[in-house]
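Throughout, protein chains are lettered first and strands after them, A, B, ... in sequence-line order, and every chain is numbered starting at 1.
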Amino acid sequence: MSELQIYNTLTRRKEPFQPIEPGHVRMYVCGMTVYDYCHLGHARVLVAFDVIVRYLRAHGYTVDYVRNITDIDDKILERARQNGESIDALTERMIEAMHEDERALGILPPDREPRATRHVDDITAMIGVLIDKGYAYRADNGDVYYRVRRFDHYGRLNNRDPDQMRAGARVEVDTAKEDPLDFVLWKAARADEPSWSSPWGEGRPGWHIECSAMSTCCLGDTFDIHGGGPDLTFPHHENEIAQSEAATGQPYVNTWMHAGALRVNQEKMSKSLGNFFTIRDVLQSHDPEVVRYLLVASHYRTPINYAPDTLDEARRSLERFYNALDGVESVAGAVTGDWAARFHAAMADDFNTPEALAVLFDLVRELNRAQREGRSAEAGALAFELRRLGAILGLLEREPAEFLNAGMADELPLAESDINALIEARNAARRNRDFAEADRIRDELAEQGIVLKDSREGTRWFIEH
RNA sequence: GGCUGGAUGGCAGAGUGGUUAUGCAGCGGACUGCAACUCCGCGAACGUCGGUUCGAUUCCGGCUCCAGCCUCCA
C-alpha cells in the first residue's frame with residue numbers, strides 16, 4: 001500500500017505519516033459548542049474527518065478517535081437564558097440533534113466523545129500545574145489567566161510573532177490581565193451561573209483549556225493527529241499547544257490538520273455572519289448522501305462554495321454511480337484493473353478524495369461496459385469493488401433503487417399500483433405496436449415526474465429529481 | 001498592517017516541467033419503435049507581467065484579484 005502523506009499545518013507541507021505507536025493512531029478533533037443546530041460548515045468538518053478516520057482504518061491502522069463536546073460556555077448560558085430553558089435541557093437537546101444530523105450524513109461516531117462538564121477535575125488539575133510552573137496566575141477579578149509571554153514557542157503554529165500581534169486592536173482588553181495577549185483558563189463565577197469549586201474559587205473553565213485537558217487525558221501527553229475547523233488555528237489551537245506543552249513538558253501533537261471553509265457567496269458560512277444553512281434545513285429538500293457527496297467531491301483543505309445548484313449537480317454525479325450499480329448483483333470476484341491500488345494511491349496522498357472519485361468513475365465506465373456486453377460475472381465483481389471502495393468514503397452503501405427514488409415517497413402523485421397498471425397498459429400497447437398510445441401513457445407519467453426505463457428484464461420507473 | 005492559502009475549459013474540481021484528470025452541461029454517432037439508462041467519439045483551460053529552461057499551466061519573482069486568521073466561530 002502507498003505510503004501515507006499528510007499535510008501538517010505546523011510545517012506547512014506534506015509529510016510521511018508515522019504514528020508514535022506503530023499501527024495505532026491517536027487522534028483528537030475539536031467538536032461542537034452545543035448551543036444551536038449544526039450548519040453545513042460543521043458538516044464539512046465532520047465529514048472531512050470522518051473520511052480521514054475511515055481511510056486510516058482502511059489503510060490498516062487502529063484509530064482511537066476522540067471528539068469533544070463543549071457543553072459549558074458563554075453562548076450556551078446566553079442562549080439558555082433567552083430560551084428560558086435550563087442549560088442541561090439546551091445542551092442535551094442540541095447534542096441529540098447533532099447526533100441525528102451525523103447519522104443522516106453517514107458520519108461514524110467517534111470512539112470517545114468527552115464533555116467539558118464531565119472533566120472539570122482534569123481541567124482544574126491542569127490549571128493547577130500551570131500556576132505552579134509559573135505559566136498562569138490568578139488575577140484580581142478572580143479569573144485565572146495564561147501568561148502567554150512565558151511560553152517560548154507561542155505563535156509557532158500560526159507563524160506569528162507575539163510582539164507583532166495587535167491584541168486588543170478590535171476588542172477591548174480586559175484590564176485584569178498582565179498582558180493583553182493573556183487568555184483565560186478559569187472564569188470566576190457570577191451569581192446566576194453554574195459553577196464548580198476550585199482552589200481559585202467558584203467558577204467555570206475557559207474554552208481552550210478543556211481541549212488540552214481532555215485530549216491529553218484521553219490520548220496521552222503526546223499524540224498523533226489533532227484536527228479541527230479552519231478558524232481554530234488561532235487562537236484556539238495555538239493556546240492548546242501553549243497550555244499542554246507548558247503543563248506536561250512534552251511535545252503536544254505531531255500532525256495538525258485543518259479542514260477548509262464552507263462558503264456562501266464567497267464568504268465563510270458562520271454563525272456570526274448569519275449566512276448559514278443548518279444541516280436539517282438542507283436535508284428537508286436534499287438527500288443526505290448528495291450532501292455528503294458534495295463535501296467529499298472537493299479536497300478536504302479546499303474551500304467549498306455552497307450553492308443549491310452545486311447540490312443538484314452532485315445528485316446527477318451520484319446518479320451515475322447508482323445507475324451503474326442498479327440491476328447488477330455485487331459479488332466478490334476477480335477483477336481486472338488496478339482500481340483499488342489507484343484508489344489507495346489517491347487517498348494516501350493527503351486524502352485526495354476528488355482523485356479517488358475519478359478512479360471510481362473510471363471503474364464505473366468499465367462496469368457499464370461489462371454489463372452492456374453481457375459479461376455479468378465481471379460486472380458483479382466490479383460492482384462489488386465499487387461498493388467496497390465507495391464505503392471508504394462513506395458512499396454507495398444503499399440499494400440503487402432506494403437512492404434513485406429516495407426522499408420523494410410521500411410526494412408520490414399516484415399510488416404504486418396505479419403506476420404499475422399504467423406501465424402494464426403501455427407495454428400492452430407496445431406489444432401491439434401502438435406506439436402513439438404507449439408514448440401517451442409515458443408522457444402522462446412523465447408529467448407526474450415519473451420516468452420509465454425499459455430493459456430486457458422489463459420496465460422500471462423512477463422519480464425524477 | 002502581519003500571517004496563511006487560492007486564481008484551471010460553460011460549471012464543479014484534481015493534477016502535471018514536454019503526452020486524456022474526472023463529473024455535470026453541450027455536440028456527433030451507436031443502442032432503443034421513440035425515449036430513459038448505457039456505450040463510442042468531439043470541442044473546450046490553466047489570472048497577469050517578467051525570469052529560469054530546449055520546453056512552464058506546472059519552478060522563481062513582481063502585479064492584480066479572491067478567501068481565511070489576527071475577536072466568539074467548524
Side-chain angles (χ1 to χ4, degrees), chain A residues 9 12 29-33 35-36 38-46 48-49 73-75 78 155 157-161 163-173 183 207 227-236 238 258-263 266-273 276 293-294 297-299 301-305 307 309-310 312-324 326-327 346 349 352-362 364-365 367-369 371-373 404 429-430 433-436 438-439 442-443 446 451-455 459-462 464:
Chain A
T9 307
R12 272 156 267 121
V29 171
C30 290
M32 242 44 69
T33 300
Y35 71 99
D36 204 347
C38 295
H39 59 65
L40 280 183
H42 299 118
R44 206 270 159 100
V45 174
L46 258 12
F49 286 101
D73 156 277
D74 287 352
K75 289 198 163 145
E78 191 188 320
L157 179 67
N158 290 274
N159 195 21
R160 264 174 222 190
D161 177 356
D163 290 331
Q164 303 291 315
M165 287 186 206
R166 307 195 295 183
R170 290 198 283 169
V171 165
E172 209 172 315
V173 174
F183 58 89
W207 175 39
D231 34 22
L232 297 184
T233 52
F234 193 92
H236 185 56
E238 197 69 56
H258 294 92
L262 191 90
R263 300 180 189 166
Q266 303 305 335
E267 271 187 324
K268 187 177 76 161
M269 179 180 289
S270 75
K271 296 276 177 69
S272 34
L273 289 172
F276 62 91
Y293 180 90
L294 175 75
S298 293
H299 181 84
R301 285 188 282 115
T302 308
I304 297 179
N305 196 40
D309 286 0
T310 61
D312 294 338
E313 211 179 277
R315 157 157 275 278
R316 288 194 290 271
S317 298
L318 250 192
E319 278 175 358
R320 180 163 167 81
F321 282 117
Y322 275 115
N323 274 325
D326 190 32
D349 182 11
N352 192 334
T353 51
E355 180 117 12
L357 283 172
V359 173
L360 298 188
F361 277 113
D362 286 347
V364 160
R365 173 160 292 110
L367 164 53
N368 284 330
R369 264 191 212 127
Q371 179 68 356
R372 189 185 159 80
E373 293 165 11
L404 294 168
R430 290 171 73 208
R433 305 196 67 78
D434 182 356
F435 296 122
D439 289 352
R442 186 173 61 197
D443 291 346
V451 194
L452 300 186
K453 201 166 158 180
D454 296 327
S455 74
T459 299
R460 303 183 50 196
W461 59 271
F462 297 94
E464 193 173 32

Full working for side chain to side chain donor-acceptor pair (under 3.5 Å) between A/H258 and A/T9: CA-CA 7 Å; A/H258 294 92; A/T9 307; 2.8 Å; yes
Side chain of A/N352, backbone of A/A346: donor and acceptor closer than 3.5 Å? no
Would you kindly check whether a donor in the side chain of A/R442 faces an acceptor in the base of B/A35, or vice versa, at under 3.5 angstrom? yes
Dot-bracket for RNA chain B, 5' to 3', counting Watson-Crick or G-U wobble pairs under 3.5 Å, with [ ] for crossing pairs and | for inter-strand pairs? (((((((..(((.....[...))).(((((.......)))))....(((((..]....))))))))))))....
Got a sec, which residues hit side chain to side chain donor-acceptor pair (under 3.5 Å) with A/K268, two or more places apart in sequence or on another chain? A/D231
Side-chain atoms of A/D231 come closest, of B/C73, B/C37, B/C39, to B/C73
Looking at B/A14, B/G68, B/G23, which one has an atom nearest to any side-chain atom of A/E267? B/G68
Does A/S298 put a side-chain nitrogen or oxygen below 4.0 Å from OP1 or OP2 of B/G13? yes
With sequence neighbours left out, write down each residue that passes ring pair (Phe, Tyr, Trp, His ring centres under 6.0 Å) with A/H39, or none if nothing qualifies. A/H42, A/F276
Between A/V45 and A/G228, which heavy-atom pair has the shortest distance, and what is it? CG1-C, 4.2 Å
Would you indicate what A/G155 reaches in the nucleic acid, counting non-hydrogen atoms under 4.0 angstrom: base, sugar-phosphate, or nothing? nothing
Going by salt bridge (Lys or Arg N to Asp or Glu O under 4.0 Å), name the residues that satisfy it together with A/R442, two or more places apart in sequence or in a different chain. A/D439
Does A/T233 contact B/C69 through a side-chain donor or acceptor facing the base, at a distance under 3.5 Å? no
A/W461: partners by ring pair (Phe, Tyr, Trp, His ring centres under 6.0 Å), with sequence neighbours left out: none
When all nucleic acid strands are considered with a 4.0 Å heavy-atom cut-off, which category describes A/E313: base, sugar-phosphate, or nothing? base
Candidates B/A14, B/G33, B/A67 - which lies nearest the side chain of A/D439: B/G33
If a protein heavy atom is under 4.0 Å from the base, mark B; if only from the sugar-phosphate, S; if neither, -; do that for nucleotides 40-48 of chain B going 5' to 3'. S--------
The criterion is ring pair (Phe, Tyr, Trp, His ring centres under 6.0 Å); which residues satisfy it with A/F361, sequence neighbours excluded? A/F321
Check the interface with nucleotides 25-32 of chain B: list each N/O to N/O pair with the protein under 3.5 Å, or write none.
none

Where the side chain of A/S317 is concerned, which of B/C24, B/G33, B/A36 is the nearest nucleotide? B/C24
The criterion is ring pair (Phe, Tyr, Trp, His ring centres under 6.0 Å); which residues satisfy it with A/Y293, sequence neighbours excluded? none
Selected nucleotide, minimal atom distance to A/H39 side chain, candidates B/C24, B/U22, B/A74: B/A74
All salt bridge (Lys or Arg N to Asp or Glu O under 4.0 Å) counterparts of A/D454, not counting sequence neighbours: A/R426, A/R430
Under the side chain to side chain donor-acceptor pair (under 3.5 Å) test, residues paired with A/Y322 that sit two or more places apart: A/E289
Just the atom pairs and distances: protein N or O near nucleotides 4-9 of chain B's N or O, under 3.5 Å.
residue	atom	partner	partner atom	Å
B/U4	OP1	A/N159	ND2	2.9

Hey, is the main chain of A/W207 close enough, under 3.5 Å, to the side chain of A/D73 for a donor-acceptor pair? no
